[in-house]
Trainee: 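Sharing a structure below in structure tokens format, with a few things to ask.
First the proteins, then the strands, lettered A, B, ... as listed; each starts at 1. Scope of the values below: all heavy atoms of this structure, side chains included, with no hydrogens, waters or symmetry mates.
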Number of protein chains: 2
Amino acid sequence: MNVEEAIQLMKDKGFKHTDKRADMLQLFSAEKRYLAAKDVLEHMQGKYNGLSFDTIYRNLSVFTDLGILESTELDGEKKFRFTCAADHHHHHLICLDCGKTKHIEECPMDLFPVKKEGFHIVDHKFEVYGYCEQCEAPRG
Amino acid sequence: MNVEEAIQLMKDKGFKHTDKRADMLQLFSAEKRYLAAKDVLEHMQGKYNGLSFDTIYRNLSVFTDLGILESTELDGEKKFRFTCAADHHHHHLICLDCGKTKHIEECPMDLFPVKKEGFHIVDHKFEVYGYCEQCEAPRG
DNA sequence: GAGTTAAATCGGAATCATTCTTATCATATA
DNA sequence: TATATGATAAGAATGATTCCGATTTAACTC
């Protein structure tokens with residue numbers, strides 16, 4: 001998925017094209033890492049003075065619903081990134097500082113049976129956390 | 001670890017014994033599932049009128065630091081349970097409704113190598129979510 | 001190209017979980 | 001029992017997120 005495809009998908013689903021939405025998608029496409037709502041707001045405020053939090057949150061939610069962005073929750077914050085593989089299940093190694101990721105193909109659910117007597121399993125989360133080279137250095 | 005051991009550990013570490021702390025530990029020991037701060041508050045308010053949120057949060061934090069409780073973050077809420085195995089690494093299958101858990105012995109980190117070029121790994125999270133029999137039924 | 005309609009946005013208030021602050025109180029100890 | 005220090009109450013403060021009413025704008029119709 002790229003920005004053009006994302007915008008087309010958005011239109012196909014009946015959402016309107018706006019400059020703010022296009023710019024948000026452009027940002028995520030360029031960054032390819034997890035960003036918090038406030039990161040997005042900061043980045044956009046240069047161009048759009050008085051941009052509302054509501055706009056950011058609403059659009060993040062729209063994009064996530066459409067599968068354009070994927071999200072996770074880290075340290076009490078929702079974070080979003082341009083989906084790196086909308087078509088197949090995967091996991092991430094995530095930099096706790098900048099949100100940069102590495103793709104993890106293996107899924108633990110495929111590798112061993114989780115004893116699930118008396119449970120109806122509906123989801124799972126597997127994430128590995130660390131610091132990338134750029135963020136590790138300053139931490140000494 | 002049981003309630004008595006937890007209280008002893010608390011005293012050994014220089015924390016004072018109070019009825020509220022003992023009751024909180026009693027609750028977690030009896031429930032053996034993930035509870036949110038507000039669950040604990042509700043449970044305690046019957047006995048202690050005017051109990052402060054601060055007391056709950058501070059004590060949850062003390063217990064977690066001492067390894068008496070283990071915690072996770074689910075749906076924007078911190079949840080706590082009496083540690084089911086303070087001595088060895090493990091994961092959980094968790095009921096999204098009531099917080100009941102099943103122990104998962106296998107750790108994905110042991111089962112396959114996570115390609116970590118350029119990353120310094122410091123942590124990971126593996127949780128399986130579902131609904132237990134009691135909570136599944138009402139959901140129809 | 002102007003008019004219409006529903007969606008998008010703004011600005012700020014509201015909410016929810018959590019943390020902080022200050023004064024008061026209770027536990028453990030001398 | 002007196003004292004010191006930790007624990008608690010009460011409520012304010014914080015931070016992320018959501019909600020709401022009023023206004024603006026994109027997309028469609030004529």
Trainee: C:dA7 P sits how many Å from A:K20 NZ, rounded?
Mentor: 18 Å
Trainee: Under 4.0 Å: is that the gap between some side-chain N or O of A:R58 and OP1 or OP2 of D:dT18?
Mentor: no
Trainee: Quick check for you: to the nearest 0.5 Å, what is the distance between B:K32 atom NZ and B:L27 atom CG?
Mentor: 11.0 Å
Trainee: To the nearest 0.5 Å, what is the distance between CG on B:L93 and OH on B:Y129?
Mentor: 10.5 Å
Trainee: Which distance, rounded to the nearest 0.5 Å, do you find between the CG of B:D19 and the CZ of B:R21?
Mentor: 11.5 Å
Trainee: What is the separation between atom CZ on A:F63 and atom P on C:dA8, rounded to the nearest whole Å?
Mentor: 10 Å
Trainee: Could you give the CG-to-P distance, from B:D12 to D:dG6, as a whole number of Å?
Mentor: 16 Å
Trainee: Please name all residues satisfying ring pair (Phe, Tyr, Trp, His ring centres under 6.0 Å) with B:F28, sequence neighbours left out, ordered by chain then number.
Mentor: none
Trainee: Side chains of B:D12 and B:Q8: donor-acceptor distance under 3.5 Å anywhere?
Mentor: yes
Trainee: How do A:G50 and A:V62 order along DNA chain C: which one's closest nucleotide is nearer the 5' end?
Mentor: A:V62
Trainee: Does the side chain of A:Y34 pick up a donor-acceptor pair with the side chain of A:D39 at under 3.5 Å?
Mentor: no
Trainee: Once side chain to side chain donor-acceptor pair (under 3.5 Å) is applied, do any residues pair with A:H124, and if so which ones, sequence neighbours excluded?
Mentor: A:H89, A:H91
Trainee: Check the distance between D:dG6's C1' and B:D65's CG and give it to me in whole angstrom.
Mentor: 16 Å
Trainee: As an exercise, state the distance from CD1 of A:I94 to SG of A:C132, rounded to the nearest 0.5 Å.
Mentor: 12.5 Å
Trainee: For nucleotides 16-20 of chain C, list the nitrogen or oxygen atoms of the protein found under 3.5 Å from its nitrogen or oxygen atoms, one pair per line.
Mentor:
residue : atom : partner : partner atom : Å
C:dT18  : OP1  : B:K78   : N            : 2.7
C:dT18  : OP2  : B:Y57   : OH           : 2.6
C:dT18  : O5'  : B:Y57   : OH           : 3.4
C:dT19  : OP1  : B:K78   : NZ           : 3.2
C:dC20  : N4   : B:D54   : OD1          : 2.7

Trainee: Take atom CG of A:L35 and atom P of D:dT17, then tell me their distance rounded to the nearest Å.
Mentor: 13 Å
Trainee: Has B:R21 got a side-chain N or O lying under 4.0 Å from the OP1 or OP2 atom of D:dA7?
Mentor: yes
Trainee: Would you work out how much the helix from C:dG1-D:dC30 to C:dA30-D:dT1 bends between its ends, with each end axis defined by five base pairs, to 10 degrees?
Mentor: 20°
Trainee: Without decimals, in angstroms, what is the distance between B:N59 CG and D:dG6 P?
Mentor: 15 Å
Trainee: Could you tell me how the ring of B:H90 sits relative to the ring of B:H88: parallel (under 30°), tilted (30 to 60°) or perpendicular (over 60°)?
Mentor: tilted
Trainee: To the nearest 0.5 Å, tell me how far B:F119 CZ sits from A:E136 CD.
Mentor: 10.5 Å
Trainee: Output the rounded distance in Å from CG (A:L41) to C1' (C:dC10).
Mentor: 12 Å
Trainee: Nucleotide by nucleotide, 5' to 3', does protein get under 4.0 Å of the base (B), only the sugar-phosphate (S), or neither (-) in nucleotides 25-30 of chain D, counting heavy atoms?
Mentor: -BS---
Trainee: Check whether any side-chain N or O of A:N49 sits under 4.0 Å from OP1 or OP2 of C:dC10, and answer yes or no.
Mentor: no
Trainee: Rounded at 0.5 Å granularity, tell me how far CD in B:E106 sits from CG in A:L111.
Mentor: 10.5 Å
Trainee: If the condition is side-chain contact (heavy atoms from CB on, under 4.5 Å), which residues does A:T83 pass it with, not counting sequence neighbours?
Mentor: A:M1, A:E70, A:A86
Trainee: Using whole Å, report how far CG of A:L60 lies from P of D:dA16.
Mentor: 14 Å
